[in-house]
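Not measured: the values here are computed from a predicted model.
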Amino acid sequence: MLGSPSPVISLDSLNPPQREAVLHDTGPLVVFAGAGSGKTRVITFRIARLIEEGHVRPYRILAVTFTNKAAGEMKERLRGLVGPLADDLWVGTFHAICARLLRLHGALLGLSSSFTIYDDADQQAMVKRILKELEIDEKRYPPKAIAGRINREKQDVRGPREMVGDDPASRIAKEVYAIYEERMRSANALDFGDLIYRMVLGLEENETFRELVAGRFDHVLVDEFQDTNHAQFRVVRALAAGHRNICVVGDDDQSIYGWRGADRRNILDFRHTFPEAAVVKLEQNYRSTGRILRAANEIISRAYDREPKRLFTENPEGQKIVVVATQDERDEAALVVRSVHELRRAGVPLSEIAIFYRVHAQSRVVEEALRRENLPYRVIGGQRFYERTEVKDVLAYLRILVNPGDDVSLLRIINKPARGIGKTTIDRLVAMANEANAPVLETLSRALDANRFSGAAAKKLREFVTLVDELQEIAATRGLGELGRELIEKTGYRAMLEQDDSPESDARLQVLGELIGSFMLFERDNPDVSLADYLESITLDTTSEEDAGEDRLTLMTVHAAKGLEFKTVLVLGMEEEGFPYRGLNPWDDPEELEEERRLAYVAITRAEERLVLSYARTRTVFGQMKLRIPSRFLAELPPDDVIRLGEPQRPQGAYRPPTQAEVRPPPPPVDYDGVDYPADGMIRPGMAVRHKVFGQGRVVDVREGFPPKVTVEFRSVGRKTLVASYLEPA
DNA sequence: TATGATTCCATTTTT
DNA sequence: TGGAATCATA
């Protein structure tokens with residue numbers, strides 16, 4: 001039982017619903033945590049209280065997050081609250097937690113504890129190999145698509161036998177899936193999906209495993225519950241089945257990963273799954289100004305099928321949101337540059353400014369403009385360090401040392417650098433391995449012993465096997481740093497890069513240097529952690545280390561922005577087709593449009609003080625110049641909170657925002673033909689305006705900014721530059 | 001085996 | 001349009 005408020009954990013700083021969530025005793029609890037509503041505080045305080053007041057032992061509490069970053073931040077904050085006790089908590093991502101538990105108890109499920117984890121690229125390589133083996137045309141059935149299908153099946157907890165559908169694609173996927181599972185077993189490898197899928201099977205079908213694993217915990221907490229997929233839901237449900245102390249936190253309005261298998265129903269239907277569940281809603285926003293929040297509410301309230309809630313704030317109203325029409329994407333980039341310059345002049349650090357876009361491709365124009373102006377920036381979501389070819393190559397060598405069955409890694413480097421093991425030799429070797437259903441390296445050793453290779457091929461293969469043996473020896477006796485250094489020498493990898501002096505290979509050498517550096521650092525910080533542990537830590541952690549220090553602005557997709565906040569946010573490309581994004585054919589599934597709406601909501605709710613939304617009247621898409629229609633989301637913004645700059649495009653067909661009454665239950669209009677885009681309040685040169693004091697005038701010039709300013713030629717007093725919001729159309 | 005030509009295609013990506 | 005990925009050719 002929980003007692004009176006802890007002397008350590010002060011509840012004074014919490015609002016009533018926050019307090020309710022923190023104090024909730026036992027049994028299921030779902031917390032709908034709106035954007036900026038202090039969600040992390042609630043989770044961490046709740047955990048701290050369970051420990052301090054509920055006397056729950058820290059190692060019997062499991063807190064699941066979706067990213068390593070979130071896990072790290074949570075641990076950090078818990079350390080602040082409960083001190084070193086925090087180190088005993090189970091805090092981690094679904095994948096990391098499942099990997100850890102499967103290594104501990106997977107033997108019960110027939111898993112070796114030294115399994116290798118395959119990332120998506122490894123998985124695709126494996127699928128590709130199987131397609132080749134089955135002589136399936138990769139054009140017709142791309143490995144990527146098949147791998148995607150396999151992942152979806154695992155997400156839904158279906159093995160190859162349970163797969164449904166007998167269209168040709170499904171039949172092929174099914175066949176590949178079955179062999180894939182065999183090969184993965186032989187390689188002693190699990191893919192990301194497996195970590196969850198195997199955990200579900202273990203928990204649901206193996207009583208001993210269930211007791212050992214689910215029995216470890218008295219409380220389970222899950223963050224970002226709206227992002228869980230079906231398999232993850234099953235894991236959570238199984239873990240909580242005994243004690244039912246399950247606390248889930250999330251926001252259905254911020255569910256933007258449906259396309260990746262996340263199921264909003266997990267949080268929306270939580271109280272049906274757990275009928276005795278307590279429900280708490282955190283609706284006070286501490287992040288954004290009143291105007292920004294109103295705009296966000298306006299967008300999200302038009303969504304169907306959401307848990308009813310409405311964010312409010314006690315923050316000041318703040319400045320108006322600025323909507324800017326630009327000529328084209330280059331003009332839009334120029335807008336970014338101008339805005340950043342102006343903010344900088346006003347003393348705003350660049351780190352407080354973020355540029356969002358719907359798709360990565362939009363960053364290029366902006367980057368070019370920023371570079372021309374020498375404005376420092378960083379792009380989130382580019383290629384990640386551990387996904388670079390040279391890094392993956394070196395890691396592939398290391399992975400073979402830990403798990404000689406790791407065929408994907410082996411085939412990756414068997415002839416890299418080139419050591420005269422040619423395609424024909426490799427094909428023959430792989431065929432033998434397929435035949436024997438055994439790992440390639442093992443097959444290779446046997447084949448050499450049996451003299452099944454001859455001449456040059458045999459010689460080169462023997463050399464390779466010897467190389468691996470030597471590296472094994474070093475791995476067994478020396479530290480990670482030294483192993484790394486020896487590895488790039490002995491394999492000839494370094495020599496290969498030094499050979500040609502192209503700028504790319506220079507860069508690669510540099511990256512290798514960094515990699516070795518990180519080896520040494522890791523060794524220093526974790527002296528008694530094994531090579532296997534190291535490899536796991538990096539395949540499960542893809543957070544690219546951000547170079548702190550220099551003050552830069554941030555460019556990223558809206559997806560990448562979830563969970564972050566910035567004083568100033570500019571969202572680019574607010575156009576129909578662009579945002580909401582539309583692929584090849586119109587939204588056949590209304591849910592896709594709904595997700596775009598939530599995405600817009602996420603974008604807006606990232607902004608604390610200043611928000612600019614821009615669109616281009618014309619944009620070059622796939623090399624073709626297209627006329628663009630302003631995004632429906634722009635039309636839905638509350639007019640009084642917005643300043644619109646620039647002339648709207650002559651409507652080809654525009655969108656009328658649905659009124660509140662139209663939203664639910666009747667569906668919002670999808671037909672947006674023939675209705676004029678509201679040109680309300682658009683301020684543009686030549687426009688007649690009125691000012692309370694100066695009277696009638698005509699706009700000469702418009703300058704975006706914070707706030708936007710307009711130069712007006714007044715009949716009475718001549719030319720004046722003033723803040724746009726003091727003007728009204730005449 | 002390496003380079004250039006060619007072809008294809010085109011969101012979002014927490015692990 | 002541009003980039004990646006595969007293919008062709010030396």
Side-chain angles (χ1 to χ4, degrees), chain A residues 64-73 92-99 117-124 128 138-139 142-144 148 151 154-155 190-197 222-229 231-232 250 254-262 329 356-365 380-384 386-387 389 415-423 496 499-500 502 536-544 556-564 573 577-584 587 592 595-596 598-600 602-603 619-626:
Chain A
V64 189
T65 63
F66 269 82
T67 64
N68 291 290
K69 198 169 153 224
E73 282 165 7
T93 64
F94 267 102
H95 298 266
I97 300 268
C98 288
I117 299 170
Y118 276 6
D119 67 16
D120 290 344
D122 300 326
Q123 178 188 40
Q124 271 177 49
K128 209 167 167 174
E138 290 189 20
K139 288 272 156 56
K144 214 178 165 148
N151 289 336
K154 290 185 180 178
Q155 249 162 42
L190 296 183
D191 61 38
F192 284 146
D194 279 328
L195 294 173
I196 315 293
Y197 173 59
V222 188
D223 193 12
E224 304 281 15
F225 196 64
Q226 78 283 353
D227 289 338
T228 46
N229 62 35
Q232 289 164 332
Q254 292 184 69
S255 163
I256 56 175
Y257 286 105
W259 52 275
R260 236 175 141 272
E329 65 270 27
F356 297 166
Y357 34 78
R358 177 66 244 267
V359 298
H360 280 303
Q362 289 171 264
S363 80
R364 218 191 75 238
V365 208
I380 306 286
Q383 224 206 356
R384 290 190 273 236
Y386 291 114
E387 286 169 8
T389 13
N415 195 35
K416 198 186 278 183
R419 48 173 71 91
I421 301 176
K423 194 171 173 304
M496 173 185 78
Q499 206 112 69
D500 71 350
S502 61
E536 169 159 335
S537 78
I538 60 177
T539 80
L540 288 183
D541 185 359
T542 52
T543 43
S544 44
M556 61 182 132
T557 63
V558 180
H559 281 90
K562 201 181 82 167
L564 306 177
E577 324 261 298
F579 195 0
Y581 181 88
R582 169 164 153 287
L584 283 75
W587 303 279
E592 282 175 35
E595 193 151 300
E596 295 294 314
R598 296 193 292 268
L599 198 54
V602 166
R619 183 180 296 272
T620 306
V621 187
F622 303 147
Q624 278 202 305
M625 167 115 64
K626 295 273 190 198

Legend entry - Between B:dT12 (C1') and A:L599 (CG): distance, integer Å: 7 Å
Inset, instruction - Would you indicate whether the side-chain heavy atoms of A:R582 and A:E592 approach each other to under 4.5 Å? - result: no
Legend entry - Those residues that, when tested against A:F94, pass ring pair (Phe, Tyr, Trp, His ring centres under 6.0 Å) (two or more places apart): A:F66
Inset, instruction - Can you check whether any acceptor in the base of B:dT11 is under 3.5 Å from a donor in the side chain of A:R358, or vice versa? - result: no
Legend entry - Qualifying residues under side chain to side chain contact (heavy atoms under 4.5 Å, CB included), relative to A:N229, sequence neighbours excluded: A:Q155, A:A231, A:Q232
Inset, instruction - Could you tell me whether A:D227 contacts a base, only the sugar-phosphate backbone, or nothing, with contacts defined as non-hydrogen atoms closer than 4.0 Å? - result: base
Inset, instruction - Between A:G623 and A:A418, name the one whose nearest nucleotide on DNA chain B is closer to the 5' end. - result: A:A418
Inset, instruction - Mind calculating the distance between CE (A:M496) and C1' (B:dA2) to the nearest angstrom? - result: 13 Å
Legend entry - Residues forming a salt bridge (Lys or Arg N to Asp or Glu O under 4.0 Å) with A:R364, sequence neighbours excluded: A:E368
Legend entry - Minimum-distance nucleotide (side-chain atoms of A:F66 versus B:dT14, B:dT13, B:dT11): B:dT14
Inset, instruction - Check whether any side-chain nitrogen or oxygen of A:H360 sits under 4.0 Å from OP1 or OP2 of B:dT13, and answer yes or no. - result: yes
Legend entry - A:W259 CH2 - B:dT15 P separation (whole Å): 12 Å
Inset, instruction - Round to a whole Å and report the spacing from CD of A:E224 to P of B:dT13. - result: 15 Å
Legend entry - C:dT6 versus B:dT11 - spacing of their C1' atoms, nearest Å: 24 Å
Inset, instruction - Report the glycosidic orientation of B:dT11: syn if within 90° of 0, anti in every other case. - result: syn
Please list each protein N or O that sits under 3.5 Å from an N or O in nucleotides 2-7 of chain C, with the distance.
residue	atom	partner	partner atom	Å
C:dT6	OP1	A:K128	NZ	3.2

Legend entry - Paired and unpaired positions of DNA chain B as dot-bracket, Watson-Crick or G-U wobble under 3.5 Å, | denoting a partner strand: ||||||||||.....
Inset, instruction - Report the distance from atom NZ of A:K154 to atom C1' of B:dT15, rounded to the nearest whole Å. - result: 14 Å
Inset, instruction - Could you tell me which residues satisfy salt bridge (Lys or Arg N to Asp or Glu O under 4.0 Å) with A:D223, sequence neighbours excluded, listed by chain and number? - result: A:K39
Inset, instruction - With the side chain of A:V359 defined as its heavy atoms from C-beta on, choose the nearest nucleotide among B:dA10, B:dT15, B:dT11. - result: B:dT11
Legend entry - side chain to side chain contact (heavy atoms under 4.5 Å, CB included) partners of A:P417, counting only residues at least two apart: A:Y397, A:R419, A:Y493, A:M496
Legend entry - side chain to side chain contact (heavy atoms under 4.5 Å, CB included) partners for A:E138, two or more places apart: A:K128, A:L131, A:P143
Legend entry - Rounded P spacing from B:dT13 to C:dA4 in Å: 15 Å
Inset, instruction - Provide, to the nearest angstrom, the distance between the OH atom belonging to A:Y257 and the P atom belonging to B:dT11. - result: 16 Å
Legend entry - Chi angles and distances behind the side-chain contact (heavy atoms from CB on, under 4.5 Å) call for A:L599, A:K562: CA-CA 9 Å; A:L599 198 54; A:K562 201 181 82 167; over 6 Å; no
Legend entry - Length of the OH-C1' vector between A:Y197 and B:dT15, whole Å: 19 Å
Legend entry - Whether A:Y581 stacks on the six-membered ring of B:dT12 base, 5.5 Å and 30° limits: no
Inset, instruction - Using a cut-off of strictly less than 4.0 Å, decide whether A:T557 has a side-chain nitrogen or oxygen near OP1 or OP2 of B:dT11. - result: no
Legend entry - Which residue lies more 5' along DNA chain B, comparing A:H559 with A:N415 via nearest heavy atoms: A:N415
Legend entry - side-chain N/O A:N68 vs B:dT15 OP1/OP2, d < 4.0 Å: yes
Legend entry - Distance in angstrom units between A:I380 CD1 and B:dT14 P, rounded: 11 Å
Inset, instruction - Please examine the side chains of A:H95 and A:I196, heavy atoms only from C-beta on, and report whether any two atoms are closer than 4.5 Å. - result: yes
Legend entry - Residue pair A:D227 / A:Q254, side-chain donor-acceptor N/O under 3.5 Å: no
Legend entry - By side chain to side chain contact (heavy atoms under 4.5 Å, CB included) - contacts of A:A603 (at least two apart): A:F356, A:V558, A:V571
